[in-house]
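When reading the values below, keep in mind they use all heavy atoms of this one structure, side chains included, and skip hydrogens, waters and symmetry mates.
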Amino acid sequence: MTACEVTVLRPDRPLIELRGLTKIYGTGEARVAALAGIDVTIRRGEFVAVMGPSGSGKSTCMNIIGCLDTPTSGVYRFDNIEIGGLTRRQLALLRRHALGFVFQGFNLLSRTSALENVELPLIYRRLPARERRDRALAALALVGLADRASHTPAELSGGQQQRVAVARAIVTEPRLLLADEPTGNLDSERSQEIMELLTRLNNDTGITIVMVTHEPEAAEYAPRRIGFRDGRIETDTAKWTKEPHSL
């Protein structure tokens, strides 16, 4: 599998397929089933909120979808590629070219500018400096921060820092954006700004978004909501009805 193979996706098939997925920790009496047989299909262009109490399995599922963890059993296919059959190098290529991540804690480099933070994933791709700068500026403009490109995180509000984190996640033009509690460190006004931004990105670019959240107000922005409990899917509401976005 080459870098091209992990970035060319077809709109007529699911982006994510989980079949009989389990994740077991420990053995004997200490055995815990973080996932106890998950079946989920997510189509290209969906915006899905994943909810559930602590220990329900939602974060474990997110980590497996993001290729940050592996299941104990079951099948995970990303655009019909069976992830369990990939080498470590192929998994790294998949993460680098097809996935973007946004975390609760922003994870920005404190001594570098917003522009340099957004450029970072492009450095790993070994793109020329001018192309990195142009793409990073375009990503910052997309999240409404073109005028803050030279500011460090300390000079930005929490909401602005999270916008920079979103710009960094989308600068590589990923097919899937994974957001783990993206509003967890923000007040209600800043949270609304981030959720409106994610909604706009989903609508305008067709990027698939899977978001873990504890906040019902944030989940309301997602057309589809999946609820976890005790390692299983308890609810799956508002199935997606839009046609696949053409990218």
Side-chain angles (χ1 to χ4, degrees), residues 15-42 46-76 78 83 91 95 99-108 158-159 161-163 165-166 168-169 176-199 202 208-240:
L15 181 63
I16 295 168
E17 294 178 274
L18 308 180
R19 295 290 175 261
L21 212 68
T22 71
K23 182 65 178 182
I24 308 299
Y25 295 104
T27 59
E29 293 184 0
R31 183 180 184 275
V32 175
L35 295 177
I38 299 299
D39 294 298
V40 173
T41 297
I42 297 175
E46 283 200 72
F47 184 176
V48 181
V50 179
M51 304 185 71
S54 297
S56 63
K58 62 185 186 301
S59 295
T60 300
C61 188
M62 168 81 83
N63 288 338
I64 290 174
I65 291 175
C67 301
L68 302 174
D69 200 356
T70 57
T72 302
S73 63
V75 175
Y76 169 27
F78 184 90
I83 299 304
L91 286 171
R95 287 192 297 267
L99 306 180
F101 298 88
V102 177
F103 301 100
Q104 177 177 345
F106 314 147
N107 293 351
L108 301 178
Q161 290 184 58
Q162 191 63 296
R163 284 175 176 267
V166 171
R168 181 184 57 193
L176 173 63
L177 180 64
L178 294 164
D180 189 4
E181 299 285 358
T183 61
N185 284 340
L186 304 176
D187 60 31
S188 57
E189 185 176 354
R190 302 289 87 76
S191 294
Q192 181 178 341
E193 290 177 359
I194 293 302
M195 293 312 305
E196 289 175 351
L197 170 61
L198 293 178
T199 299
N202 175 249
T208 307
I209 300 177
V210 177
M211 174 186 70
V212 165
T213 182
H214 280 95
E215 302 173 13
E217 296 85 359
E220 284 297 319
Y221 283 85
R224 181 178 175 191
R225 292 170 290 281
I226 297 176
F228 276 71
R229 184 174 295 275
D230 299 329
R232 301 181 185 275
I233 292 177
E234 184 177 51
T235 58
D236 189 349
T237 62
K239 296 286 189 178
W240 193 55

### Message
For a side-chain contact (heavy atoms from CB on, under 4.5 Å) check, start with the C-alpha distance between M62 and V50, then their side-chain angles and the critical distance, and finish with the verdict.
### Response
CA-CA 9 Å; M62 168 81 83; V50 179; over 6 Å; no
Please report the shortest heavy-atom distance between [X] and [Y], naming the atom on each side.
X    : Y    : result
I64  : Y76  : O-CE2, 3.3 Å
P182 : L198 : CG-CD1, 4.3 Å
V102 : A165 : CG2-O, 4.1 Å
A169 : L177 : CB-CD1, 3.6 Å
I194 : G159 : CD1-O, 3.7 Å
I24  : L35  : CD1-O, 4.4 Å

Do the side chain of [X] and the main chain of [Y] share a donor and acceptor less than 3.5 angstrom apart?
X    : Y    : result
E181 : H214 : yes
N185 : Q104 : yes
R225 : A49  : no
K58  : G227 : no
R168 : N107 : yes
R95  : C67  : yes

Tell me, do [X] and [Y] make a side-chain contact under 4.5 Å, heavy atoms counted?
X    : Y    : answer
E215 : T183 : yes
R224 : I42  : yes
Y221 : N202 : no
M195 : E220 : no
L18  : C61  : yes
E17  : V75  : no
I16  : V40  : no
I65  : L176 : yes

### Task
Tell me, with the steps shown, if Q162 and E193 meet side-chain contact (heavy atoms from CB on, under 4.5 Å).
CA-CA 10 Å; Q162 191 63 296; E193 290 177 359; over 6 Å; no
Between [atom1] of [X] and [atom2] of [Y], what distance do you get to the nearest 0.5 Å?
X    : Y    : atom1 : atom2 : answer
D180 : L68  : CG    : CG    : 10.0 Å
M51  : E234 : CE    : CD    : 11.5 Å
I38  : I233 : CD1   : CD1   : 4.5 Å

Can a side-chain donor-acceptor contact be found between [Y] and [X] if the only test is distance below 3.5 angstrom?
X    : Y    : answer
T22  : T72  : no
R19  : T41  : yes
S191 : E217 : no

### Task
Report the relative orientation of the aromatic rings in F101 and F103; use parallel for angles under 30°, tilted for 30 to 60°, perpendicular for over 60°.
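Plane angle under 30°, so parallel.
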